[in-house]
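Only this structure's heavy atoms are used, side chains among them; waters, hydrogens and symmetry mates stay out. In each ligand, atom 1 is the first atom listed, and ligand 1 is the first ligand listed.
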Amino acid sequence: MPIHAISPEELKTALGGPSHQRIHDWCAALEAGGILYFPQTPLPIPPADLDVLLGQQQTGSRLHKNIAYKPNRDELTGVDAKSSSQQIVEQVHDVMRRYSKSVEGFLAEFLAPYQKRWVLDYASYRPIEEQGRDLPVRRRNDLLHTDAFPTRPTKGWRILRFFHNIHPTRTRDWVTGDPFAKVVGSFTPGKLAIPRPDGALAKAGKSLAKATGLAGLVPQWKRTPYDEFMMQLHNAMKEDDGFQGVCTKEYFQFAPGSSWMVYTETVPHAVLAGQYALEQTFLVDPVAMVTPESAPVRVLEQMAGTRLV
Ligand SMILES: [Fe+2]
C-alpha cells in the first residue's frame, strides 16, 4: 500500500500556496488506497492533555479501556466511572473534545476539495496494548480486514480515519494488504455474493421491517446491499486463515508523535503492536471524491451491474 509521507514544510507550502494541485493529488492518492503519513503530526497534543491521556498525573489513575467520544452529542463513553474520579472523567472529556475539534478544523483545510461533505463521526482513544490482545475473531485488530460498522451502516459513504500515535517512545505497527478490488475478487463470486437490492433477502428484510415497525432497531434491516456486503467482507477476511496467509502484506511502523490518514473501509489493515493512539473518524460522501469512481460503492456496483445503495 503506498505511503505518502508529508513533511511539515510540504504541508505548509501546500496549504499556503495559490494552487491546490498538491492537495488535489493527495486526495487522489488517499482515494486510491494510499496512506497519507505525517511523520511529525500537524496537530501536536498539548503536554497537559498528553498527561491526562497517558495517565501520568499525580492521582496515578490510568485508562484501561478504549474510549469513544461522540462529537454530535458531546458524549464520552468508556471511562470507568468506578475507578476514575469525576475530575478525571471531565478532563478526558475535555481532551477528546479538543482533539476532535482540532482534527475537524485541520481536515476542513487540508481536504478542501471535499468542501466538508462529510459527517463527523466518533473519535476514539486506544490506550490498550495491541500486541497479544485476547479478542473474539471478528473483533481482532491484528487480522487483515476492511472496516464496516455492524450497527451504523454508512450507505456508501466512505470511512476516513485520522490517527495519531501519542506513545512517547514506541511505534504503532501496521500491516496492510492487497488493493480493495483484488481482495473482493478473492472472495467473490466463490465465497461471497454481492447482495442485490431486488434479492429475496432484501425484500424479506424490508417487509419484516415495515410490518413490525422495528426498522431502526435491527441492524441488518438498516443495511443497504452495500453495507451488507461490506459487513460480510469484514467478517470473511478475518475468519479465512487461507486469505490471511496468502494476502500480500506490507509492514509499516508509525513513529511516536506521527499522524496518518486512510480510508479504512477500502484499505485492508491490521494493527500488530502499539499503545496509546487517538483517532477521529469521518464519513465522507462518495460524490465529494476527486476520483468518484474509486469509491468502493462504485467499484462494487460496477462488479454487480446494479445500484447497491
Ligand atoms: Fe480496522
Side-chain angles (χ1 to χ4, degrees), residues 1 3 30-31 33-37 65-70 78 103 118-154 156-167 171-180 182-184 186-187 192 219 223 226-241 243-244 247-254 258-284 295-297:
M1 215 51 62
I3 302 261
L30 191 62
E31 293 166 20
I35 295 177
L36 300 188
Y37 175 49
K65 278 165 63 177
N66 282 350
I67 286 159
Y69 173 68
K70 298 172 184 170
V103 179
W118 59 48
V119 174
L120 184 66
D121 197 64
Y122 301 171
S124 65
Y125 175 48
R126 307 164 181 209
I128 302 170
E129 170 57 56
E130 294 289 347
Q131 192 166 23
R133 283 180 77 182
D134 185 20
L135 291 168
V137 172
R138 288 185 181 182
R139 292 188 52 217
R140 275 175 63 177
N141 296 329
D142 61 332
L143 295 170
L144 277 169
H145 66 281
T146 46
D147 286 347
F149 300 146
T151 56
R152 294 181 297 128
T154 72
W157 284 44
R158 305 198 62 181
I159 301 175
L160 178 66
R161 295 188 134 162
F162 184 93
F163 295 92
H164 187 154
N165 178 12
I166 63 165
H167 196 290
T171 57
R172 193 163 183 90
D173 300 352
W174 269 37
V175 55
T176 57
D178 285 317
F180 181 72
K182 189 173 175 192
V183 170
V184 173
S186 59
F187 283 93
L192 285 182
R223 289 181 198 154
Y226 167 80
D227 294 298
E228 191 56 43
F229 179 77
M230 294 300 276
M231 196 69 246
Q232 286 178 19
L233 182 66
H234 165 273
N235 296 342
M237 287 170 83
K238 286 189 176 175
E239 288 166 354
D240 191 327
D241 293 343
F243 167 78
Q244 295 288 332
C247 183
T248 307
K249 295 184 190 73
E250 283 183 55
Y251 296 87
F252 197 79
Q253 296 184 309
F254 296 103
S258 69
S259 285
W260 62 103
M261 56 202 277
V262 57
Y263 278 112
T264 55
E265 95 288 31
T266 323
V267 176
H269 60 282
V271 52
L272 305 181
Q275 193 180 12
Y276 305 130
L278 283 164
E279 172 269 335
Q280 170 67 58
T281 300
F282 295 78
L283 302 180
V284 189
V297 65

Exercise for review: List for me each residue that meets side-chain hydrogen bond (donor to acceptor under 3.5 Å, both in side chains) alongside Tyr69, sequence neighbours excluded, and say none if there are none.
Suggested key: Asp74
Practice item. May I ask you to check whether Phe180 and Tyr263 place their ring centres under 6.0 Å from each other? Key: no
Exercise for review: Could you tell me which residues satisfy ring pair (Phe, Tyr, Trp, His ring centres under 6.0 Å) with His269, sequence neighbours excluded, listed by chain and number?
Suggested key: His145, Trp174
Check your understanding: Do Asn165 and Ser258 meet the criterion of a side-chain donor-acceptor pair at a distance under 3.5 Å?
Key -> no
Check your understanding: In terms of side-chain geometry, is the basic nitrogen of Glu31 or Arg158 positioned less than 4.0 Å from the acidic oxygen of its partner?
Key -> no
**Study point:** Any residue meeting ring pair (Phe, Tyr, Trp, His ring centres under 6.0 Å) with Phe282, in chain and number order, not counting sequence neighbours
**Key:** Trp118
Check your understanding: List-wise, which protein N, O or S atoms are found short of 2.8 Å from the Fe ion (ligand 1)?
Key -> His145 NE2, Asp147 OD1, His269 NE2
